[in-house]
Amino acid sequence: MATTDLASPSRLRSWMLQGLSDMGKTGGHTGPHAEPEPPHKGQRWWRVMCLTGVDYFSTLGYQPGIAALAAGLLSPIATIVLVIVTLAGALPVYRRVAEESPHGEGSIAMLERLLSFWKGKLFVLTLLGFAATDFLITITLSAADASTHLIENPHLTSTLHDHKMLITLVLVALLGAVFLKGFLEAIGVAVALVGLYLGLNVVVVIVGLWHVITEGHVITDWSSALTAEHGNVFVMIGVALIVFPKLALGLSGFETGVAVMPHVKGDDGDTEEHPTGRIRDTKKLLTAAALIMSVFLIATSFITTLLIPEKEFESGGKANGRALAYLAHDYLGGVFGTVYDVSTIAILWFAGASAMAGLLNLMPRYLPRYGMAPHWARAVRPMVIVFTLVGFLVTWVFDADVDAQGGAYATGVLVLISSAAIAVTIAARKAGQRNWTIGFAIISAVFLYVTVANVIERPDGVKIGACFIAGIILVSLLSRLARAFELRVTSVTLDPMAERFIRDMASRKIRFIANEPDQRDRAEYHDKIEQIREDNDMPGDDFVFVEVTVLDPSEFEASLTVRGEVLHNRYRVLTLESSSIPNALAALLLHVRDTTGATPHIYFEWTEGSPFHNFLRFFLLGQGEVAPVTREVLREAEPDRARRPRVHTG
C-alpha cells in the first residue's frame with residue numbers, strides 16, 4: 001500500500017511534466033534548453049490557410065452582429081472601411097513580416113532585434129502581454145459565442161437559456177482537457193471545418209442577397225433611413241471612420257497566419273536560411289485569406305443590416321452574437337439552421353484550440369531563453385492548466401458576454417498589428433526603401449490611431465492587457481531571480497591557444513586568477529599575481545589569468561567561446577565574453593575539469609561594497625559579488641563536493 005501511495009505522485013508528476021527536456025537528465029553542465037522539435041512534413045499553403053482560418057474565418061460568427069451594434073445602419077459602409085484597411089494596410093504589413101521572419105517568429109521577434117539589454121526584454125514582455133490578451137480572449141470569446149449559438153437554437157433555447165456561463169466554462173474546460181490528453185494540430189480537421197463553414201455561409205449569403213433583391217423596399221428603406229440619419233455621403237464616411245475601431249475584430253488572424261509559416265511546404269529547394277518557396281506561398285496564404293474574408297465581411301454586414309430588425313442585435317436579442325445564424329434559421333428552416341449552428345460551434349471551438357496552440361508555442365519561444373520561466377513552464381500540461389484557469393477567470397469577469405470581450409480582443413489584435421507595422425517600417429528604412437518606408441509609416445499611423453481610439457472608447461481591453469503584462473513581468477522577474485544561480489552556459493569552446501594552456505597545466509595543479517581587465521599592461525598582471533600570492537600565502541607564478549567581458553547581461557542562455565593569448569611575452573590570459581561573469585567562470589572550470597580529469601582552482605579578491613548592492617549588480621548587470629556567486633553556481637551545478645572545482649578568495 002505504501003508503495004502505491006509513493007508511486008502515484010511520481011506517475012502524476014511524470015505525466016504532468018512529460019516533454020520537459022531537462023528533467024531527470026544527469027551529466028553535463030549545460031543550461032536547460034528545449035530539445036529541437038522533430039521536422040514535420042509541410043503542407044500545401046491552402047491547407048495551412050484553413051489552420052489559421054479557423055481563427056480568422058470564425059469571426060463571421062459574431063463580427064456582423066458587433067458591426068451592427070457599433071455602426072447601426074452604417075454597418076456596411078464601416079465594414080468597407082475595414083476591408084480597405086485590411087487589404088491596403090494589414091495585408092502588406094504581414095506580407096513583409098513573412099519575408100523578415102520566415103520561421104514563424106512574427107513581428108515580436110523583428111522588434112526584439114532592434115532593442116538590446118533589459119529595455120528590449122521588457123518591451124518584448126509587454127508585447128507578449130498583449131499577445132496573451134489576444135489569444136486568451138480568442139479562447140473565451142469564441143467559447144462564449146459558441147455557447148450563444150447553442151442556447152439560442154430554437155430547439156434548445158428553453159432548456160439551456162439560463163446556463164450560458166456554465167456552457168462557456170465547460171467549453172473552455174473541454175479545450176483544456178484535449179490539450180492535457182495531447183493535441184496535434186490537425187490540418188485535415190481544419191480544412192474540413194473551414195470548408196463546411198464557408199460553404200454554409202455561401203448559402204446564407206446567396207439566400208440573403210436574394211431576399212434583399214426580391215424585396216425591393218428593403219434597400220429603399222435602408223437608404224432612406226441612412227440619409228435621414230446622416231445627411232450626405234461625406235458625413236457617413238466620417239462617422240464610419242469614427243466607429244471603425246469597434247470593428248477591429250475583423251482584422252484578427254494575421255499574426256496567426258505568420259505563426260503557422262513553418263507548416264507551409266514551399267519548394268523542394270528551400271533551405272532554413274533561404275525558404276523562398278515558403279515565403280512565397282505564405283504570401284499567397286495571407287492574400288487568399290484576406291480576400292475571402294473581405295468578400296464575406298461586406299456581404300454579411302450588408303444582408304444582416306438590411307434583413308434583421310435593429311432591436312434583435314441588442315443584448316438579449318435573437319441576433320446578438322449570431323446574426324448569420326438568425327438568418328439561417330429564419331430563411332432556411334430549423335434543420336439547416338441547426339446544421340449551421342453545429343458548424344459554427346465547431347469552428348469557434350477549434351478557433352480556441354488554435355489560440356491555445358499559439359499560446360503554447362509563443363511563450364516558450366521567449367521566456368525560457370530569457371530565464372524568465374519556471375522549469376515546469378517548459379512542459380505543455382502545466383501551462384495548459386494555467387491558461388485554462390485564466391480562461392475561467394476571464395469568462396467569469398466578462399460574464400461570458402461576447403460584446404463585453406470585444407474591446408479586450410480588439411486591443412490585443414490592434415497592438416500586435418501596430419507593432420508589426422512599426423517593425424516593417426523600420427525594416428524598410430534600414431533596407432533603404434524610401435517609398436515602402438513612407439507607405440508603412442502611414443499604415444503605422446493609421447493603426448496607432450485605431451489602437452488609441454479603441455483604448456479610449458473601450459478601456460477594458462488595455463486594462464486586461466495591463467493585467468497580463470504585469471503578471472508576465474512579475475512572474476518572469478521572480479523566475480529569473482529564482483534561477484539566478486543556475487548554470488546557463490549551453491556549450492564551451494576553446495580555441496587552439498586556450499587548449500594549449502589547459503593541456504600544459506593539466507600535468508600540474510591547474511590555477512586560474514580571475515582578473516577584471518583594466519589597462520592590461522605589464523604592471524597590472526604583475527601586481528595581481530603578487531596580491532594573489534600574498535593573500536593565499538603560496539609561492540610560484542604558475543597561473544593563467546581569466547578575463548570575462550559582459551556583453552548583454554539581460555541574456556540568460558548562451559554558448560561560451562574561450563580565446564587564449566600571451567601578453568607581454570609572459571602572462572597567459574584566457575578571454576571570455578558572456579552575459580554573466582560568475583556563470584562564465586563556473587562553466588569554464590567545469591569544462592576544464594571534465595576534459596582534463598583534474599580539479600581546477602580559481603583565485604579571487606573580495607569585492608568591496610554592500611553585498612545587497614553587489615547582488616543587484618550581478619542580477620541586472622552580470623557582475624558584482626563574483627567570488628561567492630561563482631561558488632554558488634558551482635555548488636548547484638555539481639552536488640558532489642569532492643568533484644567540485646575549488647574557489648579561493650582573499
Checklist entry - If you measure from CG on Leu585 to CZ on Phe512, what distance do you get to the nearest 0.5 Å? => result 10.0 Å

Checklist entry - Any donor and acceptor pair, going by atom type alone, linking the side chain of Glu524 with main-chain N or O of Gln519 inside 3.5 Å? => result yes

Next on the checklist: Could you go through Ile137 and Thr140, starting from their C-alpha distance and side-chain angles, then the distance that decides it, and tell me whether this counts as side-chain contact (heavy atoms from CB on, under 4.5 Å)?
Outcome noted: CA-CA 5 Å; Ile137 298 296; Thr140 57; 4.0 Å; yes

Next on the checklist: Check the orientation of Phe543 and Tyr603. Use parallel for under 30°, tilted for 30 to 60°, and perpendicular for over 60°.
Outcome noted: perpendicular

Next on the checklist: Rounded to the nearest 0.5 Å, what separates atom CG in Leu494 from atom CD in Glu499?
Outcome noted: 5.5 Å

Item to check | Trace of the side-chain contact (heavy atoms from CB on, under 4.5 Å) decision for Val566 with Phe501 | outcome: CA-CA 10 Å; Val566 178; Phe501 293 166; 3.8 Å; yes

Item to check | Rounded distance [0.5 Å steps], OG1 in Thr649 versus CD1 in Ile532 | outcome: 9.0 Å

Next on the checklist: I need the Ile108 CD1 to Phe123 CZ distance, nearest 0.5 Å.
Outcome noted: 9.0 Å

Next on the checklist: Has Thr425 got a side-chain atom pairing as donor or acceptor with Phe440's backbone, closer than 3.5 angstrom?
Outcome noted: yes

Checklist entry - Donor-acceptor pair, His568 side chain versus Arg520 backbone, under 3.5 Å? => result yes

Checklist entry - Is the side chain of Arg278 donor-acceptor paired with the backbone N or O of His274 at a distance under 3.5 Å, no angle test? => result no

Checklist entry - Roughly how far, to the nearest 0.5 Å, is CZ of Arg522 from CG of Asp527? => result 12.0 Å

Next on the checklist: What verdict does the side-chain contact (heavy atoms from CB on, under 4.5 Å) test give for Leu389 and Leu393, after you've listed the backbone C-alpha separation in whole Å, the side-chain angles of each residue and the deciding distance to 0.1 Å?
Outcome noted: CA-CA 6 Å; Leu389 291 176; Leu393 177 63; over 6 Å; no

Next on the checklist: Can you give me the closest heavy-atom contact between Ala420 and Val97, atom names plus distance?
Outcome noted: CB-CG2, 4.2 Å

Checklist entry - Do the side chain of Asp495 and the main chain of Gly564 share a donor and acceptor less than 3.5 angstrom apart? => result yes

Checklist outcome for this item: Test salt bridge (charged side-chain N to carboxylate O under 4.0 Å, His left out), reference Asp542, set Lys509, Arg533, Arg511, Arg572, output is Arg572

Item to check | Within-4.5 Å side-chain heavy-atom neighbours: Leu634 and Leu590 | outcome: yes

Next on the checklist: Using side-chain heavy atoms (C-beta onward) and a distance below 4.5 Å, is Tyr571 in contact with Ile529?
Outcome noted: yes

Checklist entry - Is Arg641 reaching over with its side chain to a backbone N or O of Pro639, donor-acceptor style, under 3.5 angstrom? => result no

Next on the checklist: Counting only heavy atoms from other residues, nucleotides and ligands, does the tally under 6.0 Å from CG of Asp640 exceed 12?
Outcome noted: yes

Checklist entry - Is there a donor-acceptor pair closer than 3.5 Å between any side-chain N or O of Arg643 and the backbone N or O of Glu638? => result no

Item to check | Minimal non-hydrogen separation, Arg593 against Pro600, with atom names | outcome: CB-CD, 3.8 Å

Checklist entry - Going by heavy atoms in the side chains, are Arg635 and Arg644 under 4.5 Å from each other? => result yes

Checklist entry - What heavy-atom pair brings Ala98 and Ile279 nearest, and what distance separates the two atoms? => result O-CG1, 3.9 Å

Checklist entry - So do Ile417 and Val93 actually touch side chain to side chain, heavy atoms under 4.5 Å? => result no

Checklist outcome for this item: Distance col, row Asp134:CG vs Thr138:OG1, nearest 0.5 angstrom, shows 4.5 Å

Next on the checklist: Side chains of Ile422 and Leu448, heavy atoms from C-beta outward: is any pair under 4.5 Å?
Outcome noted: yes

Checklist entry - Within the side chain of Thr595, is there an N or O that forms a donor-acceptor pair under 3.5 Å with the backbone of Val592? => result yes

Checklist entry - Under a 4.5 Å cut-off applied to non-hydrogen side-chain atoms, are Tyr525 and Val573 in contact? => result yes

Next on the checklist: Tell me whether Arg429 at atom CZ has more than 12 heavy atoms from other residues, nucleotides or ligands lying less than 6.0 Å away.
Outcome noted: no

Checklist entry - Quick one: are Leu175 and Thr388 in side-chain contact, heavy atoms under 4.5 Å? => result no

Checklist entry - Can you name the nearest heavy-atom pair linking Gly129 to Ile469, along with the distance? => result CA-CG1, 3.7 Å

Checklist entry - Gln433 and Arg96: side-chain contact (heavy atoms from CB on, under 4.5 Å), yes or no, with the steps? => result CA-CA 12 Å; Gln433 299 169 329; Arg96 182 60 178 259; 2.9 Å; yes

Next on the checklist: Which label fits Phe254 and Tyr94: parallel for a plane angle under 30°, tilted from 30 to 60°, or perpendicular past 60°?
Outcome noted: parallel

Next on the checklist: Tell me the closest heavy-atom pair linking Leu416 and Leu127, and the distance in Å.
Outcome noted: CD2-O, 4.2 Å

Checklist entry - What's the shortest heavy-atom distance between Thr599 and Pro645, and which atoms? => result CG2-CA, 4.0 Å

Checklist entry - Would a distance-only check, ignoring hydrogens and angles, find a side-chain to backbone donor-acceptor pair under 3.5 Å from Ser444 to Ala421? => result yes

Next on the checklist: Measuring only between side-chain heavy atoms, which start at C-beta, is Thr630 closer than 4.5 Å to Val633?
Outcome noted: no

